[in-house]
Amino acid sequence: MKNILFGILLLAVTFSAQAQTNKNKNAKYTTEVNGNCDLCKKRIENAAFSVTGVKSAVWDIDSHQLSLILNEEKTSLMDVKKALAKVGHDTDDVKATNESYTNLHSCCQYERK
């Protein structure tokens, strides 16, 4: 009887430990995104949140840094950068097309590198 109880206890601890390791697949990232103003901030954050798996997205106007928390089982940083470029904002790895950049409001058109 002791062996059966010990086996059940061991099995429960194993499943509990395994569930905890699979639970935390979120990762934090910071990346540069070009923009100028509050309109840019809203557009950048909305574009980031449009990507499935983005848990948090906050863009700082002064530093041009986008802080992200991503579920890495559902998306990647590159997926977010592609979404940002699609709405007209350059990142370090992915550049917006000329067409999407020129569609930005005039106050949002930053100096391109």
Side-chain angles (χ1 to χ4, degrees):
M1 186 67 171
K2 283 184 179 180
N3 288 341
I4 293 173
L5 289 176
F6 180 73
I8 291 172
L9 180 63
L10 183 61
L11 189 61
V13 169
T14 302
F15 283 126
S16 171
Q18 189 176 26
Q20 289 177 2
T21 57
N22 289 338
K23 213 177 207 182
N24 193 10
K25 296 292 182 186
N26 294 334
K28 294 180 182 181
Y29 294 97
T30 302
T31 188
E32 184 176 351
V33 181
N34 292 322
N36 293 328
C37 61
D38 285 325
L39 288 174
C40 295
K41 178 178 175 64
K42 185 175 181 179
R43 186 181 311 102
I44 289 167
E45 291 174 357
N46 285 340
F49 278 120
S50 74
V51 179
T52 302
V54 174
K55 302 291 184 184
S56 174
V58 178
W59 185 69
D60 182 69
I61 294 172
D62 296 327
S63 68
H64 294 186
Q65 295 298 307
L66 176 65
S67 300
L68 295 164
I69 298 176
L70 308 177
N71 179 333
E72 291 187 313
E73 290 182 333
K74 296 182 179 180
T75 194
S76 68
L77 180 58
M78 186 57 70
D79 291 336
V80 176
K81 289 180 178 184
K82 288 176 183 177
L84 295 168
K86 193 173 183 179
V87 297
H89 292 276
D90 293 343
T91 67
D92 51 355
D93 293 329
V94 182
K95 304 297 181 201
T97 63
N98 286 334
E99 182 182 356
S100 63
Y101 173 76
T102 56
N103 286 335
L104 292 175
H105 189 274
S106 61
C107 75
C108 297
Q109 292 183 355
Y110 49 89
E111 187 176 325
R112 297 186 91 178
K113 297 174 186 173

Result for side-chain contact (heavy atoms from CB on, under 4.5 Å) between Thr91 and one of Met78, Lys81, Lys82 points to Lys81

Side chain of Asn36, backbone of Cys107: donor and acceptor closer than 3.5 Å? yes

CG on Leu70 to NZ on Lys55, rounded to 0.5 Å: 10.0 Å

Would you say that Leu84 contacts Val94 through its side chain, given a criterion of any heavy-atom pair below 4.5 Å between the two side chains? no

Got a donor-acceptor contact below 3.5 angstrom from the Tyr101 side chain to the Tyr110 backbone? yes

Spatial distance of atom CD (Gln65) from atom OG1 (Thr31) [nearest 0.5 Å]: 7.0 Å

Under 3.5 Å, side-chain donor or acceptor atoms of residues 43-54 against the rest of the protein: list the pairs with distances, not counting sequence neighbours.
{"unit_1": "Arg43", "atom_1": "NH1", "unit_2": "His89", "atom_2": "NE2", "d": "2.9"}
{"unit_1": "Glu45", "atom_1": "OE2", "unit_2": "Lys41", "atom_2": "NZ", "d": "2.7"}
{"unit_1": "Glu45", "atom_1": "OE2", "unit_2": "Trp59", "atom_2": "N", "d": "2.9"}
{"unit_1": "Asn46", "atom_1": "ND2", "unit_2": "Lys42", "atom_2": "O", "d": "3.3"}
{"unit_1": "Ser50", "atom_1": "OG", "unit_2": "Ala47", "atom_2": "O", "d": "2.6"}

Side-chain heavy atoms nearer than 4.5 Å, only ILVMFWY residues, links allowed to pass through others: does that put Ile61 and Val33 together? yes

CG (Leu104) and OG (Ser106) are apart, to the nearest 0.5 Å, by 10.0 Å

Nearest 0.5 Å please: distance from the SG atom of Cys40 over to the CG atom of Asn34. 9.5 Å

Say whether Leu66 and Leu77 are linked into one hydrophobic cluster, either directly or through other cluster members, by side-chain heavy-atom distances under 4.5 angstrom. yes

For the residue pair Leu39 and Cys108, what are the closest heavy atoms and their distance? CB-SG, 3.7 Å

Salt bridge (charged side-chain N to carboxylate O under 4.0 Å, His left out) contacts touching residues 100-113 (sequence neighbours left out): Glu32-Lys113, Asp90-Arg112

Nearest heavy-atom approach of Lys95 to Asp92 is NZ-O, 4.2 Å

Considering all heavy atoms, the nearest Gln109-Thr102 contact: NE2-O, 3.3 Å

